[in-house]
Amino acid sequence: MPELPEVETVRLQLLNKVVGKKIKKVVVYRLRTVAEDFSFATRLKNKTIKGINRIGKLLIFTFSENSDLFLLAHLKMTGQFFYIDKKGQVVGGGHGNKDNENIIFPHKHSRVAFRFADEGILYFNDMRLFGYLKIANKSEMELAKSRFGPEPIHPEFDTKWFITTLLQKKTAVKVALLNQQFVAGLGNIYVDETLWLAKVLPTRKCNTLTKKEAAAIATASKEIMNESIKVGGTTFQHFIDTNGNKGNFSKFLKVFGKQGTPCPRCKTIIQKTRVAGRGTHFCPKCQK
DNA sequence: GAGAGTGTTGTAAC
DNA sequence: GGTTACAACACTCT
């Protein structure tokens with residue numbers, strides 16, 4: 001579950017499902033997922049989830065019993081949270097791959113399970129094992145937080161600062177936007193979408209951008225992020241209904257994965273290249 | 001069988 | 001210090 005909008009959707013869903021619940025038992029299926037922490041399960045036992053915050057794509061759980069205890073959760077490429085209530089119904093979710101069908105838990109990609117006092121169970125699934133759940137104290141949590149720059153969708157996002165800083169960078173604009181220390185939350189998909197909307201080529205060097213272009217990027221990223229939070233929610237709904245509708249995401253995308261098809265704006269064929277080691281999609285005509 | 005993949009980090013090299 | 005390029009992580013899908 002990569003991009004910020006989906007992480008935010010998961011956060012909101014989890015808020016409804018697990019906040020205020022006491023963890024009765026934690027089962028770790030794969031030690032790797034909890035950073036080889038043998039005390040992971042015991043340290044979370046009998047703790048009540050107080051809240052769930054998010055910075056960038058990192059989820060931060062807080063607990064009622066101990067204000068110096070945090071659970072950091074990063075989904076990376078394929079991490080998913082599923083909440084199963086006591087009737088066995090799945091009411092939380094992931095991002096719509098095949099694993100969402102025929103749900104039987106725990107299944108082979110389940111890495112950690114949290115059983116609550118009310119018999120509900122929260123599963124963390126992660127096919128590729130890149131994601132992690134990590135216990136942290138306050139200073140470790142602050143350190144993790146400090147690795148993220150401001151989020152474009154934050155109401156107090158400083159657009160002036162963004163423009164000034166962006167224009168000073170010497171990297172390709174796509175590289176800059178993917179850098180979570182600069183701005184948090186934009187992933188590969190939405191960087192391509194943002195740059196298409198802003199009519200800027202991903203390979204453009206930041207210090208060759210005009211102020212107007214930089215401002216367009218800021219505006220576009222906000223628009224894309226906000227719009228995609230809605231889409232993320234929609235994707236999520238489809239998962240909950242388990243209707244097998246998994247392609248909803250792509251309906252909203254304008255360039256990502258659309259190579260070979262006409263640009264929705266100017267009908268030129270969308271091209272795909274590689275920038276910063278990532279698949280990169282753009283319109284060679286209307287992006288400059 | 002080969003290649004690509006939604007994210008991040010570390011390292012080496014310039 | 002900035003930046004670039006790449007490997008690594010483990011697994012599935014085309």
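In what follows, chains are A, B, ... by sequence order, proteins preceding strands, each numbered from 1.
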For the side chain of T78(A) and the backbone of R128(A), is there at least one donor-acceptor N/O pair under 3.5 Å apart?
yes
Quick one: N179(A) CG to dG7(B) C1', roughly how many Å, whole number?
13 Å
Distance in angstrom units between K57(A) NZ and dT6(B) P, rounded
11 Å
Would you call the rings of W161(A) and F157(A) parallel, tilted or perpendicular if under 30° counts as parallel and over 60° as perpendicular?
perpendicular
Could you tell me whether K272(A) contacts a base, only the sugar-phosphate backbone, or nothing, with contacts defined as non-hydrogen atoms closer than 4.0 Å?
sugar-phosphate
Anything under 3.5 Å between a donor and an acceptor, one on a side chain of residues 205-212 of chain A, the other on a protein residue two or more places apart or in another chain? List them.
residue, atom, partner, partner atom, Å
T208(A), OG1, R204(A), NE, 3.0
T208(A), OG1, K205(A), O, 2.7
T210(A), OG1, E213(A), N, 3.0
T210(A), OG1, E213(A), OE1, 3.4

Expressed as a whole number of angstroms, how long is the span from F182(A):CZ to dT8(B):P?
16 Å
Send over the distance from L186(A) CG to dT6(B) C1', rounded to a whole Å.
13 Å
Show me, pair by pair, the donor-acceptor contacts under 3.5 angstrom made by side chains of residues 263-277 of chain A, not counting sequence neighbours?
residue, atom, partner, partner atom, Å
R265(A), NH1, W196(A), O, 3.0
R265(A), NH2, W196(A), O, 2.7
R274(A), NH1, G277(A), O, 2.8

Let's see if you can work this out: which of dG5(B), dT6(B), dG7(B) has an atom nearest to the side-chain heavy atoms of H74(A)?
dG7(B)
Please enumerate all protein N or O atoms sitting under 3.5 Å from an N or O of nucleotides 8-11 of chain C, with distances to 0.1 Å.
residue, atom, partner, partner atom, Å
dC9(C), O3', R32(A), NH2, 3.4
dA10(C), O4', R128(A), O, 2.8
dA10(C), N1, R128(A), NE, 2.9
dA10(C), N1, R128(A), NH2, 2.6
dA10(C), N3, R128(A), NE, 3.2

With sequence neighbours left out, the residues meeting salt bridge (Lys or Arg N to Asp or Glu O under 4.0 Å) with D68(A) are none
Return the set of residues passing salt bridge (Lys or Arg N to Asp or Glu O under 4.0 Å) with K21(A) (not counting sequence neighbours), or none when no residue passes.
D118(A)
Scan residues 266-288 of chain A for pairs that pass ring pair (Phe, Tyr, Trp, His ring centres under 6.0 Å), counting only residues two or more places apart or in two chains.
F256(A)-H281(A)
Within less than 4.0 Å of OP1 or OP2 of dT8(B), is there a side-chain N or O belonging to Q180(A)?
yes
Determine: side-chain N/O of R278(A) to OP1/OP2 of dG5(B), distance under 4.0 Å, yes or no.
no
Just checking G187(A): base, sugar-phosphate only, or nothing, at a heavy-atom cut-off of under 4.0 Å?
sugar-phosphate
Closest nucleotide among dT8(B), dT9(B), dT6(B) to the R147(A) side chain
dT9(B)
Gap in Å between the two P atoms, one belonging to dA7(C) and one to dG3(B), rounded
13 Å
Partners of F124(A) by ring pair (Phe, Tyr, Trp, His ring centres under 6.0 Å), sequence neighbours excluded?
F81(A)
Taking CE from M77(A) and C1' from dT9(B), how many angstroms apart are they, rounded to a whole number?
13 Å
If you measure from the P atom in dT8(B) to the same atom in dT12(C), how many Å do you get, rounded?
22 Å
Spacing between L75(A) atom CG and dT8(B) atom P, to the nearest angstrom
10 Å
Could you write out DNA chain C as a dot-bracket string, with dots for unpaired bases, | for bases paired across to another strand, and Watson-Crick or G-U pairs counted at under 3.5 Å?
.||||||||.||||
Rounded to the nearest angstrom, tell me the gap between atom CD in Q181(A) and atom P in dT8(B).
11 Å
When you measure from every atom of DNA chain C, which of residues 170-178 of chain A have a heavy atom less than 4.0 Å away?
K170(A), T171(A)
Identify, with sequence neighbours excluded, every residue that meets salt bridge (Lys or Arg N to Asp or Glu O under 4.0 Å) alongside E142(A).
none
Answer yes or no: is there an ion pair linking E119(A) with R115(A), defined by an N-O contact shorter than 4.0 Å?
yes
I need the CG-P distance between D126(A) and dT8(B), as an integer number of Å.
13 Å
Set of residues satisfying salt bridge (Lys or Arg N to Asp or Glu O under 4.0 Å) with respect to E151(A), sequence neighbours excluded:
R54(A)
Side-chain donor-acceptor pairs of residues 40-47 of chain A under 3.5 Å, sequence neighbours excluded:
residue, atom, partner, partner atom, Å
T42(A), OG1, S39(A), O, 3.0
K47(A), NZ, R43(A), O, 3.4

